[in-house]
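When a ligand or atom number is given, it counts from 1 through the structure's own listing order. These numbers were taken from a predicted model, which means no experiment stands behind them. Keep in mind that the numbers below use all heavy atoms, side chains included, and drop hydrogens, waters and symmetry copies.
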Amino acid sequence: MRGLRHAVDGVEILRGLDLEVSERRIGIVGRNGSGKTTLARALCGLVDIQGHLRVAGVDVARDRRGALGAVGLLFQNPDHQIIFPTVAEELSFGLRQQGLARDAVSDRVARTLSAFQRSDWADRSIHDMSHGQKQLVCLMAILAMAPEVVVLDEPFAGLDIPLRMRLARVLDGIGSAVVHISHAPEDLLGCDRVIWLEDGRIAADGGPAVLSDYAAHMRKLGETEC
Ligand SMILES: Nc1ncnc2c1ncn2[C@@H]1O[C@H](COP(=O)(O)OP(=O)(O)OP(=O)(O)O)[C@@H](O)[C@H]1O
């Protein structure tokens with residue numbers, strides 16, 4: 001990205017981001033309101049941007065079908081992502097959008113469920129599932145599309161410790177590059193590169209050491225802010 005900007009009603013939320021990233025595990029950290037979710041949505045072509053942005057070579061803001069193969073977004077809240085009543089229908093949707101034929105869609109859905117040892121979930125009603133189970137359905141729906149990059153927006157929010165650990169193991173094993181967004185530095189310890197956003201700008205960019213600088217800064221703010 002070069003000069004990446006996003007504004008709402010004249011108010012700039014992303015203020016000219018310049019980044020070239022090739023690491024496989026990228027963390028984005030920042031306070032509430034720093035622009036993390038907006039950046040996640042921009043990476044998936046879901047908001048209007050100014051400037052230049054390519055993800056896995058695709059101009060995601062203009063090439064919708066290309067964006068589906070390049071990048072998938074796991075939303076903070078699975079209820080904001082899920083559209084269909086059953087697991088198989090939810091997993092099929094993105095694949096149909098990618099233009100796969102009906103048989104290929106069924107095959108990919110079956111293989112994805114099987115890879116997660118959840119073949120028995122195909123006809124399950126998503127509405128009746130727990131938050132963590134819904135989160136897993138959303139992740140399977142994204143991975144079924146085999147995007148080059150998966151963007152995770154606070155994927156652990158609302159999950160208990162065993163579910164966090166299970167989701168973390170799943171995420172560790174996926175082949176796509178991962179952009180993991182969190183306000184909590186401990187979530188991002190395994191990242192190769194960490195970008196700290198502050199008020200729509202990059203406050204720091206580097207290795208995992210950025211996390212300790214961020215944590216120290218947050219603790220200092222916590223002691224002084226009302
Ligand atoms: N559609 C919108 N209309 C108006 N303001 C918006 C819109 N989307 C985001 N903002 C503002 O942009 C800023 C960044 O929001 P964003 O959701 O990207 O932050 P965040 O870092 O993900 O925060 P959090 O950690 O709380 O989820 C906030 O001040 C927010 O109020």
Side-chain angles (χ1 to χ4, degrees), residues 1-19 21 25-53 55 60-62 64 67 71-83 131-132 134-135 138-139 142 147 149-160 163-164 167-168 171 177-191 193-206 208 210-226:
M1 60 187 80
R2 254 198 329 274
L4 180 71
R5 293 177 184 277
H6 171 70
V8 177
D9 298 334
V11 178
E12 280 212 308
I13 296 172
L14 300 178
R15 298 164 183 260
L17 305 181
D18 296 308
L19 271 177
V21 180
R25 294 287 183 268
I26 299 131
I28 297 181
V29 72
R31 296 191 67 183
N32 293 130
S34 55
K36 303 182 299 299
T37 294
T38 307
L39 177 58
R41 292 170 61 80
L43 290 174
C44 300
L46 298 176
V47 295
D48 290 335
I49 55 157
Q50 288 174 288
H52 175 88
L53 169 67
V55 179
V60 290
R62 291 177 187 83
R64 274 315 300 152
V71 59
L73 170 61
L74 185 70
F75 285 78
Q76 211 164 350
N77 182 344
D79 290 326
H80 294 167
Q81 186 148 356
I82 290 163
I83 305 172
H131 179 86
K134 286 180 184 173
Q135 197 73 311
C138 291
L139 185 62
I142 292 162
V149 181
V150 174
V151 180
L152 310 162
D153 189 3
E154 304 271 6
F156 299 145
L159 299 188
D160 62 23
L163 268 175
R164 274 170 179 249
L167 187 57
L171 295 174
V178 171
V179 178
H180 185 161
I181 291 170
S182 179
H183 64 273
E186 62 273 17
D187 289 346
L188 305 179
L189 289 172
C191 290
R193 180 159 169 190
V194 178
I195 292 142
W196 170 4
L197 274 192
E198 193 73 56
D199 198 19
R201 292 194 178 88
I202 296 169
D205 173 9
V210 169
L211 292 173
S212 35
D213 295 345
Y214 170 77
H217 185 65
M218 290 302 112
R219 275 196 301 274
K220 207 162 150 198
L221 285 179
E223 286 161 10
T224 53
E225 278 191 2
C226 312

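Every atom of ligand 1 is numbered from 1 in the order shown, and the set under 4.0 Å from a heavy atom of T37 is 17 (O), 18 (O), 20 (P), 22 (O), 27 (O). Taking every non-hydrogen atom of R31 and a distance limit under 4.0 Å, the qualifying atoms of ligand 1 come out as 21 (O). Here is the list of ligand 1 atoms found below 4.0 Å of a heavy atom in K36: 18 (O), 19 (O), 20 (P), 21 (O), 22 (O), 23 (O), 24 (P), 25 (O).
For D48, the CG atom sits in a loose shell: 12 or fewer heavy atoms of surrounding residues, nucleotides or ligands are nearer than 6.0 Å. Heavy-atom contacts from other residues, nucleotides or ligands closer than 6.0 Å to CZ of R64 number more than 12.
Of the polar atoms of G35, at least one N or O is found under 3.5 Å from an N or O of ligand 1, judged by distance alone. Looking at N32 next to ligand 1, an N or O pair under 3.5 Å apart turns up. Looking at ligand 1, you'll find an N or O of G33 within less than 3.5 Å of one of its N or O atoms.
Residue contacts with ligand 1 for V8 involve side-chain atoms from C-beta outward but no N, CA, C or O (heavy atoms, distance under 4.0 Å).
Ranked by closest heavy atom to atom 9 (C) of ligand 1, the top entry among L39, I13, V47, D199 is I13.
Under the 4.0 Å distance rule, the nearest protein heavy atom to atom 30 (C) of ligand 1 falls outside the cut-off.
Judged by the shortest distance from any of its heavy atoms, G30 lies outside the 4.0 Å radius around the atoms of ligand 1.
The single protein non-hydrogen atom nearest to atom 15 (O) of ligand 1 is T38 OG1, 3.8 Å, given as residue, atom name and distance.
Ring pair W196/H217 is tilted by interplanar angle, where 30° to 60° counts as tilted.
Between K36 and D153 no salt bridge is recorded (no basic side-chain N to carboxylate O distance below 4.0 Å).
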